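Below is one structure; the comments refer to it alone.
In what follows, chains carry the letters A, B, and so on, assigned in the order in which the sequence lines appear, proteins first and then strands, with residues in each chain numbered from 1. The model shown is predicted, which means the values in this text are computed figures rather than measured ones. The basis for the numbers below is simple: all heavy atoms, side chains too, and nothing from hydrogens, waters or symmetry mates.
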Number of protein chains: 2
Amino acid sequence: MARAATTSDIFNAIAEPRRREIVDLLARGYCRDVSELVRKLKLPQPAVSKHLRVLRKVGLVTVHKAGQRRLYELNVDELKPVHDWIQHFEQLWTDHLAGIKEAAETTARDLAARNRSAPGQQHCSKE
Amino acid sequence: MARAATTSDIFNAIAEPRRREIVDLLARGYCRDVSELVRKLKLPQPAVSKHLRVLRKVGLVTVHKAGQRRLYELNVDELKPVHDWIQHFEQLWTDHLAGIKEAAETTARDLAARNRSAPGQQHCSKE
DNA sequence: TTGACATATTCCCTAATGGGAATATAATAT
DNA sequence: ATATTATATTCCCATTAGGGAATATGTCAA
C-alpha cells in the first residue's frame with residue numbers, strides 16, 4: 001500500500017504546507033472566498049480549489065454559496081484529534097522534561113551497571 | 001511536485017499512523033529497541049526501521065547503541081511546531097465552538113454562558 | 001572463525017500526491 | 001443570448017510513499 005489517503009486523515013490533510021496556510025487564513029476572518037485565497041497564496045486557482053476539496057473531504061472546512069462565490073469556513077473541531085494527540089506529550093516538554101530525563105538517565109545507569117553482571121536485559125546507555 | 005518530503009517536515013513525519021504509533025510507544029518508557037517496536041506494531045522489521053529512519057531524519061527520535069541493539073529515545077521538542085500551530089486554534093475552540101457539543105466536559109456550560117454575554121463575531125451567511 | 005541475532009539498506013512494485021494546462025460548470029452582467 | 005467572472009474538475013506527468021523480499025552491516029557468543 002502507499003500512504004494513507006489525505007482525504008480520509010486529518011493528519012495527512014494538514015501535512016501539506018499550503019493547506020495549513022489555507023487553514024491559517026480561514027482561521028481569522030471566518031469567511032473567505034476562493035479568489036481571496038488565490039491572491040494570498042499566490043497559487044493558481046485550480047491548485048487552491050484542489051486543496052480546498054481535500055479540506056472539505058476531511059471536514060476541516062465547509063462551504064456556503066454566496067452568489068457565484070464560495071465562502072469557506074473553517075471547522076476547527078476537526079483539528080481536535082491532532083490537538084488531543086499532541087496534548088499528551090505536553091507534560092514531556094514542559095518544566096518536567098529535565099527532571100524526567102535526568103531520572104531516566106539515572107535509572108539507565110543503574111540498569112547498565114546491574115546489567116554488566118547480568119546481561120541480556122535492555123537498558124538505556126549513552127553510546 | 002509531490003508533497004514535501006517526509007524527511008524534512010515534522011507534519012509529514014507524523015502524518016503516518018504507524019509513525020505516530022511508534023512515537024506513542026516511545027513516549028512512555030524512554031528507551032525501546034527495534035525488536036520491541038516490531039513486536040508491538042506487528043510490522044515487519046524493515047518497515048519499522050524505515051519509519052525510524054524518517055523519525056530520525058526529522059529529529060523526532062535519537063538512537064543510542066547498546067550492544068547489538070539500538071535504543072530509540074523520543075525527542076519531544078521536535079513536536080513543538082505542531083503543538084504551536086495547533087495552539088493558535090485554541091482560541092477558536094473556546095469562542096467559536098462553545099455552542100457545539102464539544103464535551104461531556106464540565107466546561108461546556110461555562111463556555112456557553114460566556115458566549116451568551118459576549119456574543120459572536122462575524123459569521124457566514126448560511127447558504 | 002563460524003554462527004546466531006539485531007538492525008539497516010536496497011531493489012522492486014503499486015498507489016497516490018500535487019502542480020500545470022485545459023476544460024467544465026455556474027452565476028452574473030450587458 | 002452572449003460575455004464575463006468565479007470556482008470546480010479532468011487529464012497528464014514526474015515524484016514520492018511505503019510495503020515486501022532479499023541482502024548488507026554490525027554485534028555478540030561459542
Starting at atom NZ of Lys50(B), determine the distance to atom C1' of dT10(C), rounded to an integer number of angstrom.
-> 9 Å
Decide whether Leu79(A) and Val54(A) are clustered together by the hydrophobic rule: side chain heavy atoms of Ile, Leu, Val, Met, Phe, Trp, Tyr closer than 4.5 Å, transitively.
-> no
Give the rounded distance in Å between these two atoms: CG of Leu43(B) and C1' of dA17(D).
-> 14 Å
dG18(C) OP1/OP2 closer than 4.0 Å to side-chain N/O of Arg19(A) = yes
Consider the side chain of Gln68(B), meaning its heavy atoms from C-beta on, and name the nucleotide among dG18(D), dC5(C), dA8(C) that approaches it most closely.
-> dC5(C)
Using a 4.0 Å heavy-atom cut-off across all strands, classify Pro46(A) as base, sugar-phosphate, or nothing.
-> base
The side chain of Arg56(B) lies closest to which of these nucleotides: dG26(D), dA6(D), dT9(C)?
-> dT9(C)
If every non-hydrogen atom of Leu52(B) is compared with every non-hydrogen atom of Val61(B), which pair is closest and at what distance?
-> O-CG2, 4.1 Å
Closest heavy-atom contact between Asp24(B) and Phe89(A)?
-> OD1-CZ, 3.6 Å
Nearest-nucleotide 5' precedence on DNA chain C, Ala47(B) against Ala47(A) | Ala47(B)
How many Å lie between NE2 on His64(A) and P on dA8(D), as a whole number?
-> 13 Å
Can you tell which of dA8(C), dA27(C), dT10(D) lies closest to the side chain of Ser49(B)?
-> dA8(C)
Interatomic distance, Phe11(B) CZ vs dT17(C) P [rounded to whole Å] = 19 Å
Would you tell me if any nitrogen or oxygen in the side chain of Tyr72(A) comes within less than 4.0 Å of OP1 or OP2 on dA6(D)?
-> no
When the distance from CG of Asn12(B) to C1' of dG18(C) is rounded to whole Å, what number comes out?
-> 12 Å
Could you state the atom-to-atom distance from NE2 of His51(A) to P of dG19(C) in whole Å?
-> 4 Å
Interatomic distance, Arg70(A) CZ vs dA24(C) C1' [rounded to whole Å] = 14 Å
Would you mind telling me which of dG18(D), dC5(C), dT7(C) lies closest to the side-chain atoms of Gln45(B)?
-> dT7(C)
Mind listing the closest non-hydrogen atom pair of Leu26(B) and Tyr72(B) along with its distance?
-> CD2-O, 3.6 Å
Taking only the side-chain heavy atoms of Pro44(B) (C-beta and beyond), determine which of dG20(D), dA6(D), dC28(D) contains the nearest atom.
-> dG20(D)
How far apart are the closest heavy atoms of Arg18(A) and Leu41(A), and which atoms are they?
-> NH1-O, 3.9 Å
Length of the CZ-C1' vector between Arg53(A) and dA24(C), whole Å = 13 Å
